[in-house]
Amino acid sequence: MSERIKPLLGHRLFWPIAVLVVMLAANTIYRPGFLSIEMNNGHLYGTPIDILRLSAPLILVALGMTLVISTGGIDLSVGSICAISGAIACLHISEAADQNSFVTVSTALAMALGVALVLGAWNGVLVSVIGIQPIIATLILMVAGRGLAQLITEGQIITINSGPYRAIGLGHFLTLPLAIFIALGAALLVAAFTRRTALGMIIESVGGNREASRLAGIRSGRIVFLVYVASAACAAIAGFMMTANVSSADGNAAGLWVELDAILAVVIGGTALAGGRFYLSGTILGALIIQTLTTTVYAMNISPQTALLFKAVVVIAVCLIQAPAFRAKFNRRKRGTPPPPASSPQRQKEEVTA
Amino acid sequence: MSSTSLTTGPSWARLPRRHVPVLATLALLLVMYAIGVSQYRAFSNVQVIFNVFIDNGFLLVVAVGMTFVILTGGIDLSVGSVVAMTAMVSAWLLQAGLPALLVLVIALLIGPTLGFLMGCAIHFFDIQPFIVTLAGMFFARGMCTFISDSSIRITDGFWTTMAQHRIGNPGGNFVSVSVLIAFAVVLVGAYVLAYTRLGRNVYAIGGNPQSALLMGLPVGRTRIAVYTISGLCSAIGGILLSFYTLSGAPLIGIGMELDVIAAVVIGGTVLTGGSGYVFGTVLGVLVLGVIQTLITFDGSLNSWWTKIVIGGLLFAFILLQRLIGIRYK
Amino acid sequence: GNSDTGSDGAGDDGKLVLGFSQVGAESGWRTANTVSIQEAAGEAGIELKFDDAQQKQENQIRAIRNYIQQKVDVIAFSPVVESGWDTVLKEAKDAGIPVILTDRAVDSADKSLYKTFLGSDFVKEGRLSGEWLVEEKKAATGDVNIVELQGTTGSAPANDRKKGFGEAIAADPKLKIIASQSGDFTRAGGKQVMEQFLRAHPKIDVLFAHNDDMGLGALEAITAAGKVPGQDITIITIDAVKDGMQALADGKFNFIAECSPLLGPQLMDLAKKVHAGEEVPPRIETEETTFTQEQAKEALPNRKY
Amino acid sequence: MTDSRPVLTMTGISKSFPGVRALHNVDFRLFPGEVHALMGENGAGKSTLIKVLTGVYGIDEGTITLGDEQVAFNGPMQAASAGVSTVYQEVNLCPNLSVAENIFIGREPRRLGAVRWGEVRRRARELLTRLDLDIDVTAPVASFSLAVQQMVAIARAIDVQARVLILDEPTSSLDAGEVAQLFRIMRQLRDEGIAILFVTHFLDQVYGIADRITVLRNGTLVGEYPTAELPQLALVEKMIGKELDVLERIEEQPRRELAALEGGTPFVEVSDLGRKGAVAPFSLTIHAGEVVGLAGLLGSGRTEVARLLFGADRADRGQVAVNGDTTGLRNPVQAIDHGIGFCSENRRAEGIIADLSVRENMILAMQAARGWLRPIPRRRQDELVDKYIKALSIRPPNPDVPVRNLSGGNQQKVLLARWLITEPRLLILDEPTRGIDIGAKAEIQKLVVQLSDGGMAVLFISAELEEVLRLSHKIAVMRDREMVAHLSNDDTVDADRVMQTIASGTQREGGQS
Ligand SMILES: Nc1ncnc2c1ncn2[C@@H]1O[C@H](COP(=O)(O)OP(=O)(O)OP(=O)(O)O)[C@@H](O)[C@H]1O
Ligand SMILES: Nc1ncnc2c1ncn2[C@@H]1O[C@H](COP(=O)(O)OP(=O)(O)OP(=O)(O)O)[C@@H](O)[C@H]1O
Ligand SMILES: [Mg+2]
Ligand SMILES: [Mg+2]
């Protein structure tokens, strides 16, 4: 390996990007037009654009999830929150006289976002104040929230016909889908909030060692509360996108299992589930990888019966390639150096002994 | 100065404190049962309790395996799919005409093999359990639809007997064979955790993996073992499920992993590992079972209200459990 | 707990008690089905014990067991899957409680375990769609490229509709399914899959969607791709929910095979008959029809769901 | 010393971590029946040598011979089964398991595969009695102080029939009595022919027990010497590589006089503060510029006092007045707002955030006090971090390595820096010199004097009575979780008298009550 490539190979994002490139390449070989982008009524149009647009909601949810996971928590309720926020917004719009009115749409969004924030606060209180384990605390809302969403829609699919709302999912801006900009904006916002301020470091510190952070004067509880609220807000916006994308709110299907995808994206991106350091750019790549995987299944016309097997293989391949231990073993075979420690210190969280 | 207030208390007073969360859970469960009895007349039938066990036998077995995994601080998302895959494979092989015993052996080998492989990936390549077992989940579910995209009936004599044999008073109250198998698994699980080296290593790794390594414990072997055990329990659960439904269906058990994890955690096991009991897990499964039974008995809840009420009951239960736990800390 | 204290046995007040276990609330269709049953029970003076199984067979079996404990008069349920009911149905039979299946059948060999089946025939729905297509494309020259949006992989409606449709179009070798993928019965799924179909296959003549929702999702993809749904691409769906009928009336869909959720009144009649010990036919199909664009325009004003 | 053949030989050992060469061509020999001290500054590579030996890390180069065989252990388990028993530097126990279990896990007495719990408890009790420790062996180790945990870890190691016993800084959190007890057992084991490798930063202990000394500096071998032939001063010179008169400087430290600081409002006035089950109500005043020492035996409740004062634990009675205003110090945030800082004794659980870099660990407390919205500008960070890396000679001097990669002593210095950066008015130091090499220890002591001269109040807790006596203006004595005496540190006070007070618990009023 030349000295030039080495730092590149060592970069955290190298392998996720490599995986993404390989998947895109495989698709292009299967269907040469896969990567082509064309101009159509002033909009860019093509599979890569589809992937970006479709991954936007997942990116949003995963951004919030990254923060939650960084504190050592997990948020299973995001899917339900997507469904609830989408349902509230669509319900409000569908009942309005003029669905295209900008005011109606803004009110709908504000209402839905408000409710989502309340739900996030509920999760936050359960975890940080009452001290319930995050997975169970958010499981409550995962189950009940789906019911709430269906209560709002009364089990029906609410179809709306609102230009401004539709734009959230399908509108264009500078020839690109608006959804991409919204996701990008959210990513930049989260990045600014965490990396331009000290918030990111404080979140990582709480996730790394909550007691030590408390003794250093950090209000750990407040931070934990905050990340759940942030996660809910992200999920709400994702919910708008999902429902706007099909101009209808489906209390049952909207955001179903998105929590698993989001967690997967976060973990592929390099953030450990045990908490601590988080990587927003990695998360975004993870979301893109997952969406590309789904699109690949459709584009290569892999039969639904075997689609899951294909997914399993790709997920495990992605993770193996990324695992430093795997690469170390692989390299060792080539160079014959002695084995690394049986377990890398990176994963093992420093535990509280006293 | 008074120093009387400073005594920590004798050792016997400290010991049960560890059991307080489990005892609180038990008490709350009894309260919930009492509420059911006071509200619905037929709830007091003994058979209702038996039914909770009959209907949750496979869940219980899977939850025992999950308890091992969670005690080490890991997680196994593949259980629901492995259960489905085991049932599916059994049904498929039986349909192909293989003898029941052979099918049983094959079906019971698949789960642990997959678990072992996942454990190896987790240990040797240092990949997070969440991802590895998620891939395992995709794989096992994919195998289900791959084998057949519609459900396969089981007509084998052995299976039918196991499914329909009633132990107890045939006309009156009874349990199924599966319940006895589930109890056996629970007892073995509890024994292994409390009295064998493997069991104690599981707790040690959950307490602090790095320390466990430096204390010279076989961390890798144990880690692989728990995923294998969880795979085995899922396989047994899958067999029980195939007794229960006398078929293999590709979509069965979707989301079961969440129920199982919830049961384990409600039973007092800490998700970060190191503390919890199989007995608590049994209680956790019963809590979920009783909640479901309460809702069915009510019979007036709309589809979405069902979900909201399940969430609400879960919340009330966990809140009380937590508050009692804090009080006694 | 409410009025149940006095009524969880066989109607103390003389009312017939029907225990009904529903699959879940996974679609608008299912909700309409639930509502129909609840309303019909009220009108027929039957006390309904309703349970939502959230798409889990375990929950349904549990519910049936509890109905047996509560000694309801009649048990009805829409099975989540076809197989696996023998054990619990035997228990019901031993307890002397008659069972009615709705919407989906079970594959039990022992037909005495349930009194009757009330519901639609998914294979027939697929077949009707296929037959219409064969008729429609009779005059076409050259291959007719069909893409299929399947329902949830492994689910009975998806399997049966695919089967029925496949059988019907086998009559004409011009008709070719060039791609078939699962859209999970949802609009978002239908749309996403259709987008890829459109990218991969420049010439698509027909879309067959296993339900209206996926078809409605696909509509958006087709429009966005600059094609005219209903003209450039012939669209066939199943269900006939309101939004689907609207699309049909608007000329965006071309054909819908109905799958009616309104089983309530028929179910209540059956429950009464079964309870009274009357003979009922072993299989009753709901009255269902098919709609073309013109028929949809007429029918739309009086659709209930 | 027996001059038979060495039981353990390490030759030409090298080990590098990304960016750091921790060991370079190091030779080491260990003979049966000797206590061999491994000496060196923080970060010299002592712990790394031990971890390489026991297979926690792979070696880059070199060979290890145990007995007659060349070995390459793949982990502590293999090492232990080959007869190498180790207590690593950071206490490594499973916090959730009981004391008895921690001692025996992995080699529990069994019958038919089943662990005999009664036997485990009985033998654990026996073993701890040998170490003079009387505790409830069924309680989880996490409920005990660090010192007790250290003893438990030692108990675990000496129970095995080992050829080689390795103790990496076992005495850092033990008090004099405990150390004496440990030494008795070490001598006993040595006389049985066991080879003991011993790491410590206490020179007295080295000269008290070691037969031979190997000195490492910056990852390289300086030499191997019989203890008798290496005077203390020479040892220190070899360790730090400079002819520094550190020792003299320490000796020269003036005995702190209770300056005319009394009078005026004390900075902190504690009255009747207490917490049920932790520490009996106590009163204490601390003036600006005063160093108050807390003396007491292991588990006497010194840490508890510190935690109450800092609001880390909630007091259930009593009051604290800061600058004359009665306030509740109910949580660390409030304490920090009032200018109090607390450097915990348990750096792994309550101190460092292992994932974060040295820089982030250092500025954490200051950042927390400013609030997350106002990040400390990068330039200011660099200034502060560089200043303290230099002042405390933290190695490696790179602020951006994760703090987990630092040696134990350097981690401790990072923690100290974290609090110094906040410029507190009262700094509570709980065992700040634990695991710190002699040069750095002198630096820290000097620092405490400087800080107090500059008007900062310090509450100083240390297991080393000498240190407490040297630095404090006054000393509060703890016994059985009760504050039994306040001594003014004048000429009448010496180690013996403090020991007496600790032992007898007599109330001897010092400068104030
Ligand atoms: N896992 C690691 N990764 C990177 N660097 C490491 C790691 N462990 C130790 N080091 C570095 O190796 C050097 C030697 O550390 P070591 O822990 O052996 O020191 P030590 O002599 O035990 O010091 P102390 O007295 O402070 O415990 C230090 O510079 C340290 O930063
Ligand atoms: N010998 C002992 N027997 C029983 N419990 C003990 C003993 N020593 C310490 N402990 C436990 O550890 C805690 C020690 O208190 P604390 O840490 O405040 O003491 P300390 O004086 O700071 O001691 P250390 O020297 O360990 O820092 C007590 O709460 C007690 O439960
Ligand atoms: Mg060290
Ligand atoms: Mg202490």
Portion of Ile254(B) that has a non-hydrogen atom of chain A nearer than 4.5 angstrom:
side chain

Under 3.5 Å, side chain of Arg146(A) to main-chain N/O of Lys307(B), donor-acceptor pair present?
no

Does any N or O in the side chain of Gln133(A) come within less than 3.5 Å of the main-chain N or O of Thr269(B), such that one atom is a donor and the other an acceptor?
yes

Between Phe138(B), Trp304(B), Trp305(B), the one whose heavy-atom pairs under 4.5 Å with chain A are most numerous
Trp304(B)

Please tell me if the side chains of Leu76(A) and Leu258(B) come closer than 4.5 Å, counting only heavy atoms from C-beta onward.
yes

For the residue pair Leu139(A) and Ala262(B), what are the closest heavy atoms and their distance?
CD2-CB, 3.4 Å

Gln305(A) and Asp149(B): which non-hydrogen atoms are nearest, and at how many Å?
NE2-OD2, 2.7 Å

What distance do Ile140(A) atom CD1 and Phe317(B) atom CZ have between them, rounded to the nearest 0.5 Å?
11.5 Å

Output for pair (Thr145(B) OG1, Leu308(A) CG), nearest 0.5 Å, gives 6.0 Å

Taking every non-hydrogen pair under 4.5 Å, which of Ile263(A), Thr306(A), Val313(A) racks up the most with chain B?
Ile263(A)

Between Leu309(A) and Phe139(B), is any pair of side-chain heavy atoms under 4.5 Å apart?
yes

Set out, in order, the CA-CA distance, both residues' side-chain angles and the distance that settles side-chain contact (heavy atoms from CB on, under 4.5 Å) for Leu134(B) and Val315(A), then state yes or no.
CA-CA 8 Å; Leu134(B) 189 67; Val315(A) 167; 5.6 Å; no

Side chains of Leu126(A) and Phe315(B): closer than 4.5 Å at any heavy-atom pair?
yes

Side-chain touch Phe130(B)/Leu260(A), heavy atoms, less than 4.5 angstrom:
yes

Between Ala135(B) and Ala312(A), the two heavy atoms sitting closest are O-CB, 3.4 Å

Is it the backbone or the side chain of Leu141(A) that comes under 4.5 Å from a heavy atom of chain B, or both, or neither?
neither

Are more than 12 heavy atoms, taken from residues, nucleotides or ligands other than Phe146(B), located less than 6.0 Å from that residue's CZ atom?
no

Check whether any side-chain N or O of Gln128(B) sits under 3.5 Å from a backbone N or O of Leu273(A) as a donor-acceptor pair, and report yes or no.
yes

Quick one, Ile75(B) and Ile135(A) - any side-chain contact, counting heavy atoms below 4.5 Å?
yes

Below 4.5 Å, heavy-atom pairs only: which of Asn252(A), Leu320(A), Val318(A), Ile268(A) has the largest tally toward chain B?
Leu320(A)

Identify the heavy atoms of Cys319(A) and Ile131(B) that sit nearest to each other, and give their distance.
SG-CG2, 2.9 Å

Grab the two heavy atoms, one from Ala144(A) and one from Gly311(B), that are nearest each other, plus how far apart they are.
CB-CA, 3.9 Å

With a 4.5 angstrom heavy-atom cut-off, which part of Val270(B) approaches chain A: side chain, backbone, both or neither?
both

How far does CE of Met137(B) sit from NZ of Lys311(A), to the nearest 0.5 angstrom?
9.5 Å

Rounded to the nearest 0.5 Å, what's the gap from CG on Leu271(B) to CD1 on Ile136(A)? Could you check?
8.0 Å

Picking from Val132(B), Leu313(B), Leu319(B), Ile318(B), which has the most non-hydrogen pairs under 4.5 angstrom with chain A?
Ile318(B)

